[in-house]
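I have a structure I would like to understand better, so I am pasting it below and will then ask my questions one at a time.
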Amino acid sequence: MGNTSGRKSEHIRICLEEQVGAEGVLTGFQKYVFRHNALPELNFDEISLQTIFLGAPLRTPFLISSMTGGSELAGVINERLAEVAEHRGWALGVGSVRAAVEREELAATFAVRGKAPSIPVIANLGAVQLNYGFGADECMRAVEIAGADMLVLHLNGLQEIFQPEGNTAFRGVLARIEELCRKLPIPVGVKEVGWGIDGMTAKRLHEAGAAFIDVAGAGGTSWSQVEKFRSADPVRRIAAEAFADWGIPTAECIREVRASVPRTALDGGPHKKGFCPLYTSRCG
Ligand SMILES: Cc1cc2nc3c(=O)[nH]c(=O)nc-3n(C[C@H](O)[C@H](O)[C@H](O)COP(=O)(O)O)c2cc1C
């Protein structure tokens, strides 16, 4: 159990010190440019970026996607992210709360509400944990620990395969997500961790009751690269390296998801499930 906390610290160190960016795959945003409009017919002062995300107002349509928690350093990072998100009016996700569900003493490292009293906060767990003993009670405990309004489950099959301690039994996860979406009194979203969610997958998740999708496409952080740096096994490192260009570019994911799933009820209140494909926190 203590391993989860150690792994989180290692992830932070590797992301800070090593080249963990995807190689040979771009986000896809490079293909888009704004076209100049010489006659905008609006007043600059009236432009507002404010939006509603599952019933909660956001001053800017940005989300800091799930990243960390579970160690002292992670707690400091979460605190700082919370301050920034609150100041700017963004939504804030914390990293996987599994470590604190398993070890109560780590709970404080996810407790961002003190610094972020007014913005939407999103708790996070791995969807695969639903196949390893986590159910509605553990999920609600994670939400309580983070003081969250909603939960996002991450799909990270490739990362689990490259982790020596990975949980790789993904069969049946969709049915468990569906059951969880039905049971929990809060919105449950689904995210990837950097390889993207395509239109067909988004449709299945939407039909299962997912309230929102964070496509987390390729072109930014590569988790096979992160796991490559964690591994001492030369074969595993070579295998991980081969996936440096893997994944669906974020811009492609967004187009597919938009085409496959209806956009509904975004202003329906925190307990009514709408659908909004979110952009990852770092789109460039
Ligand atoms: C240090 C670090 C830790 C992360 N931890 C988690 C996590 O606990 N749970 C999760 O769902 N995603 C986690 N992610 C993945 C991000 O939420 C995001 O989906 C991914 O990094 C792709 O976005 P990017 O290309 O902008 O980095 C983490 C990312 C980083 C950089």
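Whatever order the structure lists ligands and atoms in, that order sets their numbers, starting from 1.
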Is Gly219 in polar range of ligand 1, meaning some N or O pair under 3.5 Å apart?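 No, since none of the N or O atoms of Gly219 sits under 3.5 Å from an N or O of ligand 1.
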
Under the side chain to side chain contact (heavy atoms under 4.5 Å, CB included) test, residues paired with Ser66 that sit two or more places apart: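 Asn124, Val152, Lys191.
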
At a 4.0 Å threshold, what atoms of ligand 1 neighbour a non-hydrogen atom of Ala216?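 Under 4.0 Å from Ala216, ligand 1 has these atoms: 19 (O).
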
How does Glu192 reach ligand 1, if at all, at less than 4.0 Å between non-hydrogen atoms: by side chain, backbone, both, or neither?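 Answer for Glu192: backbone.
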
By number and element, which atoms of ligand 1 are closer than 4.0 Å to a non-hydrogen atom of Ser96?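 This gives 7 (C), 8 (O), 9 (N) as the contact atoms.
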
Which ligand 1 atoms, with their elements, are less than 4.0 angstrom from a heavy-atom of Asn124?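 Every atom of ligand 1 under 4.0 Å from some heavy atom of Asn124: 7 (C), 8 (O), 9 (N), 10 (C), 11 (O).
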
Thr68, any N or O under 3.5 Å of ligand 1 N or O: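 Min N/O separation from ligand 1 is not below 3.5 Å for Thr68.
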
Quick check on contacts: which atoms of ligand 1 are under 4.0 angstrom from a heavy atom of Gly220?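 With Gly220 as reference, the close atoms of ligand 1 come out as 25 (O).
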
Pick from Val143, Ile145, Asp137: which one makes a side-chain contact (heavy atoms from CB on, under 4.5 Å) with Arg141?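 Exactly one option meets the side-chain contact (heavy atoms from CB on, under 4.5 Å) with Arg141, and it is Ile145.
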
Would you call Val193 a ligand 1 contact, heavy-atom distance under 4.0 Å?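 Yes.
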
Are there over 12 heavy-atom neighbours, none belonging to Glu72, within less than 6.0 Å of that residue's CD?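 No - once you tally the heavy atoms of other residues, nucleotides and ligands closer than 6.0 Å, there are 12 at most.
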
Passes side-chain contact (heavy atoms from CB on, under 4.5 Å), Ser222 versus Glu23? Steps please. CA-CA 8 Å; Ser222 160; Glu23 286 168 17; over 6 Å; no

Basic-acidic side-chain contact under 4.0 Å: Glu227, Arg230: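 A salt bridge is present here (some side-chain N lies under 4.0 Å from a carboxylate O).
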
Under a 4.0 angstrom heavy-atom cut-off, which atoms of ligand 1 come close to Lys8?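 Once the distances to Lys8 are compared, the set is 8 (O).
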
A quick test of your reading: do over 12 heavy atoms of other residues, nucleotides or ligands sit less than 6.0 Å from CZ of Arg88?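 At most 12 heavy atoms, drawn from other residues, nucleotides or ligands, come within 6.0 Å of this atom.
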
CA sep, side-chain torsions, deciding dist, call: Asn156, Phe170, side-chain contact (heavy atoms from CB on, under 4.5 Å): CA-CA 10 Å; Asn156 66 335; Phe170 270 83; 3.7 Å; yes

Counting both backbone and side chain atoms, is some N or O of Ser66 under 3.5 Å from an N or O of ligand 1?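 Checking ligand 1 against Ser66, an N or O pair does fall under 3.5 Å apart.
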
